[in-house]
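For reference, positions follow the sequence shown, starting with 1. Below, all heavy atoms of this structure are taken into account, side chains as well, without hydrogens, waters or symmetry copies.
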Amino acid sequence: MKRRIEIGILYSRSGNYQLLSDACRAGAMSAIAAVNRDPAVSVEFVPVERDPQGRVERYAPLCEEILRGSEARHVIGCITSWSRKEVIPVLEKTGGTLWYACPYEGFESNDHVVYMHACPNQHLVPLLGHVVPRFGADAFLVGSNYIWGWETNRVARDLIGDAGGRVLGERYLPLGDTDVSRLIDEIRATRPNFVLNHLIGPSSYAFFAAYEELAREDPYFAAASCPILSCNLTEIELPAIGAAAEGHIAVGPYFHDRAKPWPDPATAPEFSSRPSSFFAAAHSAVLVLADRLAAEPAGGTAGRIPDFAGRRFATPFGEIGIDPQTQHASLPVRIGRVRDGGFDVVEESARLVDPDPYLSRYDPAKVFPRPSLRAVS
């Protein structure tokens with residue numbers, strides 16, 4: 001008989017990042033269904049769900065409600081870094097664990113968080129390593145006005161300097177703001193080699209649309225010559241952006257295989273949204289948790305981090321590992337270019353990339369190799 005274990009689900013069903021949240025929730029719920037119907041897995045998950053409605057002030061109290069009002073000690077949830085940081089004190093106080101399924105800015109390792117998506121050495125570093133030799137190193141940085149935008153652009157400034165480039169401008173918008181006219185005017189005036197985009201939700205969709213109009217007016221800003229780069233753009237947002245996304249570049253551990261049709265929700269209800277790295281990361285979180293809890297029944301519903309040492313896990317990313325020191329996943333790295341509403345993978349890592357959340361092993365000479373000098377007479 002399966003052992004029933006409650007787990008928390010903490011995703012917003014509305015708000016500025018609803019598409020991302022819906023994808024993560026769908027990934028988690030599909031994995032729960034898969035675990036529960038698999039007779040080979042000795043645990044059965046019972047979801048305890050709360051909806052913060054996209055309001056950051058609701059995350060901490062709802063997380064505490066899950067952990068104090070049920071037997072759940074593991075929570076799959078949060079989209080923004082802001083919300084993740086809001087719930088960490090609750091996790092530390094109650095002994096719970098958060099499984100976080102979104103790319104983030106790095107420079108964090110908490111004993112109560114398992115990081116299932118990419119950190120900077122798995123997204124920003126390889127993205128710039130791919131783009132700079134092909135387009136140049138001068139950048140314009142845009143982002144939503146909160147931790148993800150600030151901190152990822154802070155790292156980007158250092159990387160661009162290492163590549164010999166310049167940051168020609170850096171601007172932020174409040175979450176949800178769609179007035180991007182000032183950003184477009186400054187990009188038009190500075191003429192960077194690429195634009196690094198850390199806007200979220202409707203702000204990002206409006207920016208892509210305005211940038212497409214800029215490219216019609218001035219072909220210099222076509223995606224083929226001055227692309228928009230994104231560390232968090234996936235298939236789930238492409239319908240909201242439309243043709244304006246064509247040709248632009250993103251990085252992630254997963255892109256849907258173009259040789260396969262999109263899953264039909266009518267016949268595969270676990271895919272209530274398009275497959276994406278957000279779906280895959282949340283799905284993987286549940287699978288890894290089931291594996292570890294099934295292997296350690298005495299640890300049951302305790303919120304402590306499971307034993308990851310020497311383990312590999314079958315996930316939608318492929319077979320992955322989790323670093324037992326930092327609780328970050330080792331992941332594949334893929335660079336994708338948007339075409340016809342999906343991504344063509346134009347470069348990918350030959351093996352899993354181990355997490356380096358503090359960039360302690362980052363070597364600019366390997367990411368941005370310079371031509372060797374030779375003596376001349």
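In this structure Pro89 satisfies the side-chain contact (heavy atoms from CB on, under 4.5 Å) test with no other residue, sequence neighbours excluded. For the ring pair (Phe, Tyr, Trp, His ring centres under 6.0 Å) test, no residue two or more places apart in sequence or in another chain qualifies with Phe194. Scored by the side-chain contact (heavy atoms from CB on, under 4.5 Å) test, Ala309 finds Asp307, Pro324 as partners (sequence neighbours excluded). Applying the ring pair (Phe, Tyr, Trp, His ring centres under 6.0 Å) criterion to Phe343, with sequence neighbours excluded, gives Phe255. Applying the salt bridge (Lys or Arg N to Asp or Glu O under 4.0 Å) criterion to Glu108, with sequence neighbours excluded, gives Arg84, Lys85. Remark: His328 engages Tyr104, Tyr115 in a ring pair (Phe, Tyr, Trp, His ring centres under 6.0 Å) (not counting sequence neighbours). Glu49 is linked by a side-chain contact (heavy atoms from CB on, under 4.5 Å) to Ile9, Arg13, Arg25, Met29, counting only residues two or more places apart in sequence or in another chain. By the salt bridge (Lys or Arg N to Asp or Glu O under 4.0 Å) test, Lys2 is found to be paired with no residue, residues two or more places apart in sequence or in another chain being considered. Scored by the ring pair (Phe, Tyr, Trp, His ring centres under 6.0 Å) test, Phe45 finds no partners at all (sequence neighbours excluded).
A distance-only check finds a donor-acceptor pair linking the side chain of His283 to the backbone of Gly27 [under 3.5 Å]. In terms of modelled atom types and a separation under 3.5 Å, the side chain of His130 and the main chain of Arg134 share no donor-acceptor contact. Under the 3.5 Å distance criterion, the side-chain polar atoms of Asn193 are matched with a main-chain donor or acceptor of Ala137. At least one donor-acceptor pair closer than 3.5 Å links the side chain of Arg361 to the backbone N or O of Pro355. A distance-only check finds no donor-acceptor pair linking the side chain of Ser144 to the backbone of Tyr146 [under 3.5 Å]. The main-chain N or O of Val353 is found under 3.5 Å from a side-chain atom of Gln122 such that the two form a donor-acceptor pair. With hydrogens and angles disregarded, no donor-acceptor distance shorter than 3.5 Å links the side chain of Glu92 to the backbone of His112. The backbone N or O of Arg191 sits less than 3.5 Å from a side-chain atom of Tyr220, completing a donor-acceptor pair. Side chain of Ser204 to backbone of Ile200: no donor-acceptor contact under 3.5 angstrom is found. Using modelled atom types, no side-chain atom of Glu64 and backbone atom of Val90 make a donor-acceptor pair closer than 3.5 Å.
In terms of heavy atoms, Leu233 sits closest to Ala250 at O-CB, 3.7 Å. Asn121 approaches Pro126 most closely through the heavy-atom pair O-CD, 3.3 Å. Considering all non-hydrogen atoms of both residues, Leu98 and Gly77 come closest at CD1-O, 3.5 Å. Nearest heavy-atom pair across Leu10 and Cys63 is CD2-CB, 3.9 Å. Closest of all the heavy-atom pairs between Gln327 and Ser109 is NE2-OG, 4.5 Å. In this structure, Phe279 and Ser30 approach most closely via the heavy-atom pair CZ-OG, 3.4 Å.
The CD1 atom of Ile32 sits 10.5 Å away from atom CD of Glu44, with the distance rounded to the nearest 0.5 Å. Taken from CZ in Phe317 to OG in Ser330, the straight-line distance is 12.0 Å, to the nearest 0.5 Å. Once rounded to the nearest 0.5 Å, the distance linking CD of Glu319 with CG of Leu352 reads 8.0 Å. The structure places OG of Ser276 at 4.0 Å from CD1 of Ile236, a figure rounded to the nearest 0.5 Å. Going from atom CH2 of Trp99 over to atom CD1 of Ile7 covers 10.0 Å, rounded to the nearest 0.5 Å.
The side chain to side chain donor-acceptor pair (under 3.5 Å) contacts involving residues 174-183 comprise Asp179-Ser181, where partners must be two or more places apart or lie in separate chains. Within the structure, side chain to side chain donor-acceptor pair (under 3.5 Å) pairs that include any residue of residues 225-248 comprise Tyr205-Glu237 (at least two apart or interchain). For the side chain to side chain donor-acceptor pair (under 3.5 Å) condition, the pairs that include at least one residue of residues 331-343, sequence neighbours left out, are Arg334-Glu348, Arg339-Asp344.
Checked against Leu229 for a side-chain contact (heavy atoms from CB on, under 4.5 Å), the options Leu141, Leu124, Leu128, Val195 give a single hit: Leu128. Of the candidates Glu86, Glu151, Glu105, Ser81 forms a side-chain hydrogen bond (donor to acceptor under 3.5 Å, both in side chains) with just one, namely Glu105.
Here the two rings, on Tyr172 and His198, have centers that are 6.0 Å apart or farther.
At a threshold of 4.5 Å between non-hydrogen side-chain atoms, the residues Ile88 and Val113 count as touching. Looking at heavy atoms from C-beta onward, Ile76 lies in side-chain contact with Tyr11 at the 4.5 angstrom threshold. Side-chain atoms of Phe140 and Cys226, non-hydrogen and from C-beta on, never get closer than 4.5 Å to each other. Between Tyr211 and Asn197, every side-chain heavy-atom pair lies at or beyond the 4.5 Å cut-off. Residues Asp22 and Phe278 have side chains not in contact (no heavy-atom distance under 4.5 Å, counting atoms from C-beta outward). Looking at heavy atoms from C-beta onward, Phe207 lies in side-chain contact with Ile187 at the 4.5 angstrom threshold. Counting heavy atoms from C-beta on, the side chains of Phe308 and Asp323 never come closer than 4.5 Å. Ile320 places a side-chain heavy atom less than 4.5 Å from the side chain of Met116.
Within a 6.0 Å sphere centred on CZ of Arg216, other residues, nucleotides and ligands contribute more than 12 heavy atoms. Atom CZ of Arg157 sits in a crowded spot, with more than 12 heavy atoms from other residues, nucleotides or ligands closer than 6.0 Å.
A salt bridge is defined here as a Lys NZ or Arg NE, NH1 or NH2 lying under 4.0 Å from an Asp or Glu carboxylate O, and Asp291 with Arg311 meets this definition.
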* Asked: Can you list the steps and then say if Tyr100 with Ser83 is a side-chain contact (heavy atoms from CB on, under 4.5 Å)?
  -> CA-CA 11 Å; Tyr100 186 65; Ser83 60; 5.5 Å; no
* To do: Take Leu91 and Leu67 through the side-chain contact (heavy atoms from CB on, under 4.5 Å) test and state the conclusion after the steps.
  => CA-CA 8 Å; Leu91 302 167; Leu67 294 170; 3.9 Å; yes
* Derivation and outcome, side-chain contact (heavy atoms from CB on, under 4.5 Å), residues Leu159 and Val367 -> CA-CA 9 Å; Leu159 298 178; Val367 179; over 6 Å; no
* Go through the steps to decide whether Tyr59 and Trp82 satisfy the test side-chain contact (heavy atoms from CB on, under 4.5 Å), and finish with yes or no. => CA-CA 10 Å; Tyr59 279 87; Trp82 192 355; over 6 Å; no
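Put simply, Ile66 and Val46 are part of two different groups of oily side chains (I, L, V, M, F, W, Y) that touch within less than 4.5 Å, one to the next. When hydrophobic clusters are built by joining Ile, Leu, Val, Met, Phe, Trp and Tyr residues whose side-chain heavy atoms come closer than 4.5 Å, directly or via intermediates, Leu196 is not grouped with Leu168.
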